[in-house]
Amino acid sequence: MTKYQSITGTRDVLPEEQPYWRFIEKKIYEITSLFGYQRVDPPIFEETRLFIRSVGETTDIVEKEMYTFVDKGDTSLTLRPEFTAGFIRLYLQNGMHMLPKPVKLFSMGPIFRFERPQAGRFRQHTQFNVEAFGEQDSAMDVEVMSIAWQLYAELGFRGLRFQLNSTGCPQCRPAYIETLKAYYHTRLQEICSDCKRRLDRNALRLLDCKSPGCQPVIAAAPVISQHLCSSCDDHFHHLTGYLDRLGRPYEINHKLVRGLDYYSKTVFEVWVQGIGSQNAMCGGGRYDGLIEQLGGEPTPGIGFGSGIERIILSMKEQGLQPEPLPEPRVLVIYFGAKAKARAMDLVFTLRNEKIPALMSFGEKSFKAQMRDANRMHAACVLILGDSEVEQGVISIKDLRQGEQIQVTEAEMVNRVKNLIR
RNA sequence: GUGGGUGUAGCUCAGCUGGCUAGAGCACCAGGUUGUGGCCCUGGUGGCCGCGGGUUCGAAUCCCGUCACUCACCCCA
């Protein structure tokens with residue numbers, strides 16, 4: 001047993017899993033570029049008050065899930081539990097609000113939340129995050145949602161569907177919440193203790209309670225889509241109209257309310273199988289009041305976060321293969337000190353030609369060196385023994401065909417290039 | 001925070017109701033070919049049986065505690 005182990009809820013990404021990461025990153029770069037989004041990288045920690053202000057004081061994230069600590073300068077800092085707050089801070093601090101709108105940004109990196117780990121849920125996970133600032137048109141919502149959709153589709157996922165809802169805006173949501181509360185007060189006897197608590201603190205969350213006893217109450221609860229103001233209602237109708245036109249399947253889910261307070265109007269998720277009991281591969285929505293709340297001019301915004309670990313889990317579950325990473329194609333093996341010196345020259349010559357090449361180390365037997373070549377899936381080996389050194393030649397063995405030839409050093413690079421295709 | 005499951009070799013696991021030096025497969029190393037891989041054969045390295053305590057003549061095995069992992073609830077990506 002090793003003495004040290006990784007922290008609960010964190011994981012090591014080993015070489016076997018790297019192809020998934022590289023494949024997903026590659027797709028992210030392709031797609032964001034296609035949609036005209038630019039990468040930014042906010043720091044991993046920020047002042048605690050930024051997150052409290054943006055995420056919301058009464059959310060689970062702020063109440064019990066943040067990694068918060070005081071630094072040596074007595075400042076309370078927090079490892080980012082989400083991306084959006086840092087994006088907005090970055091946007092305002094760097095004068096990006098002066099850029100032509102919309103300002104379209106993305107990032108990728110670790111997110112920290114103190115939760116009990118389970119399948120598809122970690123204390124440190126990696127998010128791909130997209131945000132668009134300064135545009136309230138629902139076509140903007142469609143564009144942002146489409147980025148997530150296209151990413152999953154290009155990774156090979158089929159049968160995707162959006163979960164969609166509108167959470168209203170400051171014009172209409174308060175009245176809806178009052179209606180909802182009034183309704184719940186008539187059925188207080190039937191609901192669980194958690195819901196009694198939610199009723200005062202965060203009434204929207206009543207709708208996604210999983211307790212069996214609460215389900216009949218939820219089913220008969222007033223639905224927000226029937227309480228939207230005309231602005232929100234229009235926005236939502238345009239959005240669903242665009243989605244219909246694009247042929248993107250969606251379900252309107254009245255229970256979809258997000259765990260962060262800042263959302264307004266559109267909220268959405270993309271659901272997929274194979275991430276344990278979690279079903280959301282990404283979650284996001286519109287937050288038209290948040291930038292102003294954090295000290296900027298009134299500016300609409302919309303974005304989403306997608307958990308890379310969940311994507312990979314689900315890819316494995318569905319048998320979706322990433323592109324393989326390139327492997328070293330050539331091993332240079334040798335026998336004796338003289339040959340070893342020449343082997344070093346050769347391996348560097350090959351690398352200068354951009355041919356992935358390795359050499360053996362130490363005094364391994366011929367057989368062991370050949371085994372190494374086989375194990376690393378080399379296309380060929382270059383052999384330097386006493387006879388090759390004497391004759392000034394190099395033996396090249398094609399490991400796939402099993403054929404072996406002798407060439408001069410001048411011919412070597414071209415011969416190898418042919419073999420490693 | 002709550003509940004279930006599991007901790008034995010690098011990995012996957014077997015060790016029944018407690019009994020001699022704790023096993024297998026894979027992987028790794030070496031040999032079978034003093035210069036030729038994959039397949040095969042032979043041998044080898046590698047374990048305070050998660051940790052601590054208890055019961056017992058005797059504990060990987062039973063009991064208690066603890067830690068970790070894992071799944072689920074909560075919540076979320």
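As a basis for the values below, the full set of heavy atoms in this structure was taken, side chains included, without hydrogen atoms, waters or symmetry mates. Keep in mind it's a predicted model, so treat the numbers as computed, not measured. Chain naming here is simple, since letters A, B, ... match the order of the sequence lines and numbering starts at 1 in each.
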(request) Could you tell me the separation between the CD atom of A/Q369 and the P atom of B/C29, rounded to a whole number of Å? (result) 13 Å
(request) Write down the partner of B/A30 under the Watson-Crick or G-U wobble criteria, each distance required to be under 3.5 Å. (result) B/U42
(message) Regarding A/A373, tell me which of base, sugar-phosphate or nothing describes its non-hydrogen contacts under 4.0 Å with the strands shown.
(response) nothing
(message) Could you measure the distance from the CZ atom of A/R310 to the CD1 atom of A/I308? Nearest 0.5 Å is fine.
(response) 12.0 Å
(request) Classify the nucleic acid contact of A/G305 as base, sugar-phosphate or nothing, counting any heavy atom under 4.0 Å across all strands shown. (result) sugar-phosphate
(request) Evaluate the ring planes of A/F128 and A/F304, with Trp represented by its six-membered ring, and classify them as parallel (under 30°), tilted (30 to 60°) or perpendicular (over 60°). (result) perpendicular
(request) Give the nucleotide from the list B/A68, B/G32, B/G31 with an atom nearest to the side chain of A/K367. (result) B/G32
(message) Suppose you measure atom P in B/C62 against the same atom in B/C20; what distance do you get, rounded to whole Å?
(response) 16 Å
(request) With a 3.5 angstrom cut-off on both distances, give the Watson-Crick or G-U wobble partner of B/G3, or none if there isn't one. (result) B/C71
(request) Tell me the partner of B/G65, counting only Watson-Crick (N1-N3 plus N6-O4 or O6-N4) or G-U wobble (N1-O2 and O6-N3) with both under 3.5 Å; none if nothing fits. (result) B/C51
(request) Would you mind reading off the distance between A/K64 atom NZ and B/U2 atom P, rounded to a whole angstrom? (result) 12 Å
(message) Donor-acceptor check, side chain of A/E82 to backbone of A/A85, threshold 3.5 angstrom: yes or no?
(response) yes
(request) Round to a whole Å and report the spacing from CZ of A/F112 to C1' of B/C76. (result) 16 Å
(message) Can you tell me which nucleotide in B/G37, B/C75, B/G31 comes closest to the side chain of A/D60?
(response) B/C75
(request) Using atom CG of A/L331 as one end and atom P of B/G38 as the other, report the distance to the nearest whole Å. (result) 14 Å
(message) Just the rounded figure in Å: distance from C1' of B/C11 to CD of A/E16.
(response) 11 Å
(message) The side chain of A/R205 is closest to which nucleotide in this list: B/C75, B/U36, B/C29?
(response) B/C75
(message) Return the pairing partner of B/C11 with a 3.5 Å limit on both distances, Watson-Crick or G-U wobble; otherwise return none.
(response) B/G25
(request) Report the distance from atom NZ of A/K255 to atom P of B/C76, rounded to the nearest whole Å. (result) 15 Å
(request) Counting heavy atoms from C-beta on, name the nucleotide in B/G35, B/A30, B/C76 closest to the side chain of A/R371. (result) B/A30
(request) Pick the P atom in B/U6 and in B/U61, then give their distance to the nearest Å. (result) 15 Å
(message) Taking only the C1' atom of each, what is the distance from B/C49 to B/A59 in whole angstrom?
(response) 11 Å
(message) Distance check needed: B/G38 P versus A/M370 CE, whole Å only.
(response) 9 Å
(message) Quick check on side chain to side chain donor-acceptor pair (under 3.5 Å): which of A/K255, A/E251, A/E269 does A/Q163 satisfy it with?
(response) A/E251
(request) Tell me whether the guanidinium CZ or amine NZ of A/R173 lies under 6.0 angstrom from the six-membered ring centre of A/Y176 and within 45° of its axis. (result) no
(request) Grab the CZ-C1' distance between A/R329 and B/G37 for me, whole Å please. (result) 15 Å
(request) Would you classify A/G276 as touching base, sugar-phosphate or nothing, given that sugar-phosphate means primed atoms plus P, OP1 and OP2, and contacts are heavy atoms under 4.0 Å? (result) sugar-phosphate
(request) Check every atom of B/G35, B/U36, B/C71 against the side chain of A/K397 and return the nucleotide holding the closest atom. (result) B/U36
(message) Going by purine N1 to pyrimidine N3 plus the second Watson-Crick contact, or the G-U wobble pair, all under 3.5 Å, which nucleotide sits opposite B/C16?
(response) none
(message) Between A/R400 and B/G37, is there a contact of a side-chain N or O with OP1 or OP2 at under 4.0 Å?
(response) no
(message) Measuring only the P atom in each nucleotide, how far is B/U33 from B/A24? A whole number of Å is fine.
(response) 26 Å
(request) Mind checking A/E65 for me? I need base, sugar-phosphate or nothing, with any heavy atom below 4.0 Å counting as a touch. (result) sugar-phosphate
(message) OP1 or OP2 of B/C69 versus the side-chain N and O atoms of A/T8: is any pair under 4.0 Å?
(response) yes
(request) Ignoring backbone atoms, test whether A/Q118 places a side-chain nitrogen or oxygen under 4.0 Å from the OP1 or OP2 oxygen of B/C73. (result) yes
(request) Specify the residue among A/P117 and A/I383 whose closest nucleotide of RNA chain B lies further upstream toward the 5′ end. (result) A/I383
(message) For the P atoms, the ones on B/C16 and on B/C41, what distance do you get once it is rounded to whole angstrom?
(response) 30 Å
(message) Distance criterion of 3.5 Å, no angle test: do you see the side chain of A/S387 paired donor-to-acceptor with the base of B/G35?
(response) yes
(request) Ignoring hydrogens and angles, tell me if any N or O in the side chain of A/Q18 forms a donor-acceptor pair with the backbone of A/V13 under 3.5 Å. (result) yes
(request) With RNA chain B as reference, determine whether A/N374 or A/F122 sits nearer its 5' end, using the nearest nucleotide of each. (result) A/N374
(request) Check whether any side-chain nitrogen or oxygen of A/R375 sits under 4.0 Å from OP1 or OP2 of B/C28, and answer yes or no. (result) yes
(message) Can a side-chain donor-acceptor contact be found between A/Q127 and A/S306 if the only test is distance below 3.5 angstrom?
(response) no
(message) Between A/R80 and A/P42 (side chain of the first, backbone of the second, donor and acceptor by atom type, cut-off under 3.5 Å), is there such a pair?
(response) yes
(message) With rounding to the closest Å, how many angstrom separate the P atoms on B/A30 and B/U70?
(response) 35 Å
(request) Among the candidates B/A30, B/C71, B/G32, find the nucleotide nearest to the side-chain atoms of A/A368. (result) B/A30
(request) Give the nucleotide from the list B/G31, B/C76, B/G37 with an atom nearest to the side chain of A/R113. (result) B/C76
(request) Could you please name the option among B/G37, B/G35, B/C29 that lies closest to any side-chain atom of A/D386? (result) B/G35
(request) Hunt down the Watson-Crick or G-U wobble partner of B/A59, both distances under 3.5 Å, from any strand shown, or write none. (result) none
(message) By the 4.0 Å heavy-atom rule, please label A/E63 as base, sugar-phosphate, or nothing.
(response) nothing
